[in-house]
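What you see below is based on every heavy atom in this structure, not just the backbone, and it leaves out hydrogens, waters and symmetry mates.
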Amino acid sequence: MWRHDNIDKVRHRLLRKNIIDLSGAVNDDMARYGRDALMILVTKNNPDLKVIITSHGGGISSGLAIYDMIKNYAGWVTGEVNCFCHSMAVVILQACDHRCALPNSNILIHNVMANNLSLD
């Protein structure tokens with residue numbers, strides 16, 4: 001697939017248009033790619049950003065790192081689901097200022113269990 005230190009030509013072209021493509025498993029490589037891409041955009045004075053997500057999810061630590069990076073980005077961030085967004089990828093989507101999905105996209109959120117909640 002892709003690695004942060006060897007971004008393919010398509011992702012370079014997207015990045016020039018202020019688009020980050022988060023596709024595949026949420027893992028350390030995706031987090032490094034996201035960090036590197038956001039640092040490049042910061043040097044361009046934080047332009048509005050589009051994050052395209054196609055992922056079945058993955059690691060919690062990597063996902064939360066990506067969430068924090070997107071949430072702290074100074075420009076306006078639009079998240080777009082392309083095809084599917086599951087599990088930790090949905091958490092990353094929530095970091096975006098505006099969220100949308102293509103008409104036939106699939107978004108899966110796990111059932112959330114909360115024990116010992118007090119609703120006083």
Side-chain angles (χ1 to χ4, degrees):
M1 184 149 246
W2 50 266
R3 288 180 40 95
H4 69 284
D5 57 352
N6 187 20
I7 301 172
D8 63 31
K9 291 180 184 180
V10 173
R11 285 192 174 81
H12 265 299
R13 290 179 70 187
L14 289 172
L15 193 53
R16 278 189 229 123
K17 295 180 185 238
N18 307 328
I19 299 171
I20 295 178
D21 177 33
L22 298 180
S23 59
V26 176
N27 57 26
D28 289 344
D29 285 335
M30 181 186 280
R32 283 187 209 101
Y33 163 71
R35 182 199 63 209
D36 293 350
L38 287 171
M39 285 194 305
I40 289 168
L41 292 172
V42 167
T43 65
K44 294 170 60 177
N45 294 322
N46 301 308
D48 290 347
L49 169 64
K50 183 178 198 178
V51 178
I52 300 173
I53 301 174
T54 306
S55 174
H56 286 295
I60 294 170
S61 298
S62 299
L64 291 176
I66 296 168
Y67 174 91
D68 288 340
M69 288 184 274
I70 292 173
K71 196 68 174 166
N72 290 304
Y73 180 72
W76 183 262
V77 181
T78 299
E80 180 181 287
V81 176
N82 184 359
C83 197
F84 51 87
C85 182
H86 300 164
S87 200
M88 184 49 72
V90 176
V91 174
I92 294 170
L93 179 65
Q94 295 306 306
C96 301
D97 298 311
H98 178 75
R99 296 166 290 280
C100 58
L102 296 178
N104 294 305
S105 296
N106 181 345
I107 298 174
L108 173 91
I109 301 171
H110 292 284
N111 289 336
V112 178
M113 294 180 60
N115 293 329
N116 300 325
L117 274 183
S118 175
L119 301 175
D120 296 332

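Partner D21 forms a side-chain contact (heavy atoms from CB on, under 4.5 Å) with one of I52, L15, N82, V10 and no other, that one being I52.
I107 CD1: more than 12 foreign heavy atoms inside a 6.0 Å radius. Atom CG of N106 has more than 12 neighbouring heavy atoms from other residues, nucleotides or ligands inside a 6.0 Å radius.
The line from CD1 of I70 to CG of L49 is 7.0 Å long, rounded to the nearest 0.5 Å. H98 NE2 to K50 NZ: the interatomic distance, rounded to the nearest 0.5 Å, is 9.5 Å. Atom CG in D97 sits 4.5 Å away from atom CH2 in W76 (nearest 0.5 Å). If you take CG on D48 and OH on Y73, they are separated by 7.5 Å, rounding to the nearest 0.5 Å. Note that the CZ atom of R99 and the OG1 atom of T78 stand 10.0 Å from one another [nearest 0.5 Å]. The line from CG of L93 to SG of C85 is 5.0 Å long, rounded to the nearest 0.5 Å.
At a cut-off of 3.5 Å, with distance as the only test, no side-chain donor of S62 or N27 sits close to an acceptor on the other residue.
When the side chains of ILVMFWY residues are joined at heavy-atom separations under 4.5 Å, either directly or via intervening members, L14 and Y33 end up in two distinct hydrophobic clusters. No path of Ile, Leu, Val, Met, Phe, Trp and Tyr side chains, each step under 4.5 Å between heavy atoms, connects M30 with I19, placing them in separate hydrophobic clusters. Under the 4.5 Å side-chain heavy-atom criterion for grouping Ile, Leu, Val, Met, Phe, Trp and Tyr, I109 is connected to L22 within one hydrophobic cluster. In terms of hydrophobic clustering, with Ile, Leu, Val, Met, Phe, Trp and Tyr side chains grouped at heavy-atom distances under 4.5 Å, F84 and V91 are assigned to different clusters.
Counting only distance, with no hydrogens or angles, the side chain of S87 and the backbone of G57 share no donor-acceptor pair below 3.5 Å.
The shortest distance between side-chain heavy atoms of V51 and I53 falls below 4.5 Å. Inter-residue side-chain proximity for Y67 and M88 is flagged as unmet; no heavy-atom pair is nearer than 4.5 Å.
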- Item | L41/I20 under side chain to side chain contact (heavy atoms under 4.5 Å, CB included): CA gap, chis, key distance, verdict | CA-CA 10 Å; L41 292 172; I20 295 178; 4.2 Å; yes
- Should V90 and L108 be marked as a side chain to side chain contact (heavy atoms under 4.5 Å, CB included) after you check the CA-CA gap, both sets of side-chain angles, and the distance that decides it? CA-CA 7 Å; V90 176; L108 173 91; 5.8 Å; no
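When every heavy atom of S55 is checked against every heavy atom of G24, the shortest pair comes out as OG-O, 2.6 Å.
The aromatic rings of H86 and H56 sit tilted relative to each other, their planes meeting at an angle between 30° and 60°.
Using a cutoff of 4.0 Å between basic side-chain nitrogens and carboxylate oxygens, D68 and K71 are not scored as salt-bridged.
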